[in-house]
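First comes the structure, then the notes that go with it.
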2 protein chains.
Amino acid sequence: MSRHTIALESPTPERAVEILRKSILGSRTSIIVGRCIVKYRGRAESFLGEGDRVIILKPDGSLLVHKASKREPVNWNPPGSIHRVYLKEGKVIVESIRRRPRETIFIELSEVYFVGSFKLIDEECIMITGTEKDVVDIIFRSPEVIEKGFKPLYREMSTKYGKIDIFGVDEKGRAVVIEVKRRKADLSSVSQLLRYVESVRESTNSPVRGILVAPDCSASARLFLKSHNLEFRKVMFK
Amino acid sequence: MSRHTIALESPTPERAVEILRKSILGSRTSIIVGRCIVKYRGRAESFLGEGDRVIILKPDGSLLVHKASKREPVNWNPPGSIHRVYLKEGKVIVESIRRRPRETIFIELSEVYFVGSFKLIDEECIMITGTEKDVVDIIFRSPEVIEKGFKPLYREMSTKYGKIDIFGVDEKGRAVVIEVKRRKADLSSVSQLLRYVESVRESTNSPVRGILVAPDCSASARLFLKSHNLEFRKVMFK
DNA sequence: GCCTAGGTCCCGTTT
DNA sequence: AAACGGGGCCTAGGC
């Protein structure tokens, strides 16, 4: 039983359990489509009444329960969880346990429409551009997008109250704290910047400027910036 | 072709396209397991080289591309996106377009190991307990968990700089701003509280207290609280 | 292990 | 539509 693909429509509960157990043992990805209830207990607690869902068990210990809508799984366990599949009163049970924090998922399937087991070969990892890091790179390569004479010195500089995206000095040698956002900045972006500026001010008597860099900024965030004499610099990164 | 379950191992590209198109038209949930590359362009941009993945197309327009590891899809489009499936040079192509913001996913399948189409019936929605709202409820029902004489007045009270979880008054009639966290509070929790306290102070000359309520608090968050004369109240909600 | 912060965050709610 | 904040957020990177 080492075929890369095993797929079975309307399996008996016994057969479903057999396939799923071998799938888990064999580090394969399992897919179940069926009618089920789901109980969760851990950081929070939830109950999901009977309905049709797609369940995915990954070889890294992730568990996903998807409804027919939304991007998010309705229930899940992250990588590292332990999966168990067994029969109880003629029904297929899927259990997933995570330790630290302890969280348990209990799935009771009243019907299994489909069960599949797949050996997925995938060495590739995703390449992403357009993240905050890319914006920071741009600023280090072309500091003039902030202003003439700006000199970036450190990135991810640790302070008492968090890490500064970019720390540098302006034309006049004043300290400059920059918080970068890849999308429209909001109140929490300003709060962040304010926290870092304060942190730097606690350790010096010299003036410290704070600049929020983003493609846009909400109205209330702008007001909040002004009330603390912080600045906004629009930087589009395309 | 209105069976609730359609499942096919190693379909020809033509047959896969046929099944998927009918699945989309019929508001069914589609599952593809196959070898593919994925290109994404939108708020950011990404490329994923050839590998085996699980692709889910939901009738609400969600698209998920899952690798064999992690809880998160490697690529996705949220509900409301439009899916198209077609043949190109003998390969199955799955395209998903979202407008506002415009985002496109392009999936080229070099091999299809499995294709399934399912009519999922699901009227149930999840019941969750142990959320922040539950903690706020506890405080409104038993204000003494904050302190003797505390009177909660409003929840989600809007201010210039955001919404206060709980606004109330203490035994001595002083304004009290409470920020509630259902898990360990961190620096950003304190930033939030500070922002709301400031906002209230801007509109009064009377003293304003700020209390962070959480099951725990990080060391640096505690320091940050102290530096602004804000308070921490441990509340477990179990 | 904890802490910090980003994310193509998603998502619900309110304005 | 924008804005605001929660989430069982998840995930990566430091320490």
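All values derive from a computational prediction rather than experimental measurement. Quick note on labels: first sequence line is chain A, next is B, and so on, each numbered from 1.
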Is it true that A:Arg43 and A:Glu103 have a side-chain N and a carboxylate O under 4.0 angstrom from each other?
yes
Ion pair present between A:Glu95 and A:Lys39, side-chain N to carboxylate O less than 4.0 angstrom?
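No, no charged N to carboxylate O under 4.0 Å.
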Using the [atom1] atom in both, what is the distance from [N] to [M], to the nearest Å?
N: D:dG7; M: C:dA5; atom1: C1'; result: 16 Å
N: C:dG6; M: C:dC10; atom1: C1'; result: 14 Å
N: C:dT14; M: D:dG8; atom1: C1'; result: 25 Å
N: D:dG5; M: C:dG7; atom1: C1'; result: 15 Å

Each nucleotide in nucleotides 3-10 of chain C should get exactly one letter: B, S or -. Can you fill that in based on protein heavy atoms under 4.0 Å?
SSSSSBBS
Once salt bridge (Lys or Arg N to Asp or Glu O under 4.0 Å) is applied, do any residues pair with B:Asp137, and if so which ones, sequence neighbours excluded?
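Expected list: B:Lys133, B:Arg155.
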Going by the rule salt bridge (Lys or Arg N to Asp or Glu O under 4.0 Å), which residues pair with A:Glu198 if we only count those two or more places apart in sequence or in a different chain?
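Salt bridge (Lys or Arg N to Asp or Glu O under 4.0 Å) list for A:Glu198, sorted by chain: empty.
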B:Lys58 side chain reached by B:Leu64 side chain, heavy atoms, under 4.5 Å
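Yes, at least one pair of side-chain atoms sits under 4.5 Å.
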Residues that B:Tyr196 engages under ring pair (Phe, Tyr, Trp, His ring centres under 6.0 Å), provided they are two or more places apart
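If we apply the ring pair (Phe, Tyr, Trp, His ring centres under 6.0 Å) test to B:Tyr196, skipping adjacent residues, there are no hits.
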With distance as the sole test, does B:Asn77 use its side chain to make a donor-acceptor pair with the main-chain N or O of B:Leu63 at under 3.5 Å?
no
Regarding B:Asn75 and B:Ser46, is there a side-chain donor-to-acceptor distance under 3.5 Å anywhere?
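Side chains of B:Asn75 and B:Ser46: pair found under 3.5 Å.
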[N] [atom2] sits how many Å from [X] [atom1], rounded?
X: A:Asp60; N: D:dC10; atom1: CG; atom2: C1'; value: 13 Å
X: B:Arg99; N: D:dA1; atom1: CZ; atom2: C1'; value: 18 Å
X: B:Met157; N: D:dG5; atom1: CE; atom2: C1'; value: 16 Å
X: B:Ile178; N: D:dG5; atom1: CD1; atom2: C1'; value: 18 Å

In what stems does DNA chain D take part, counting only runs of at least 3 consecutive Watson-Crick or G-U pairs whose two distances fall under 3.5 Å?
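As far as DNA chain D goes, consecutive pairing (with distances under 3.5 Å) yields the stems C:1-7 with D:9-15, C:9-15 with D:1-7.
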Residues pairing under salt bridge (charged side-chain N to carboxylate O under 4.0 Å, His left out) where one sits in residues 224-236 of chain A, two or more places apart or in two chains, turn out to be A:Glu147-A:Arg233, A:Arg209-A:Glu231, A:Glu231-A:Arg233
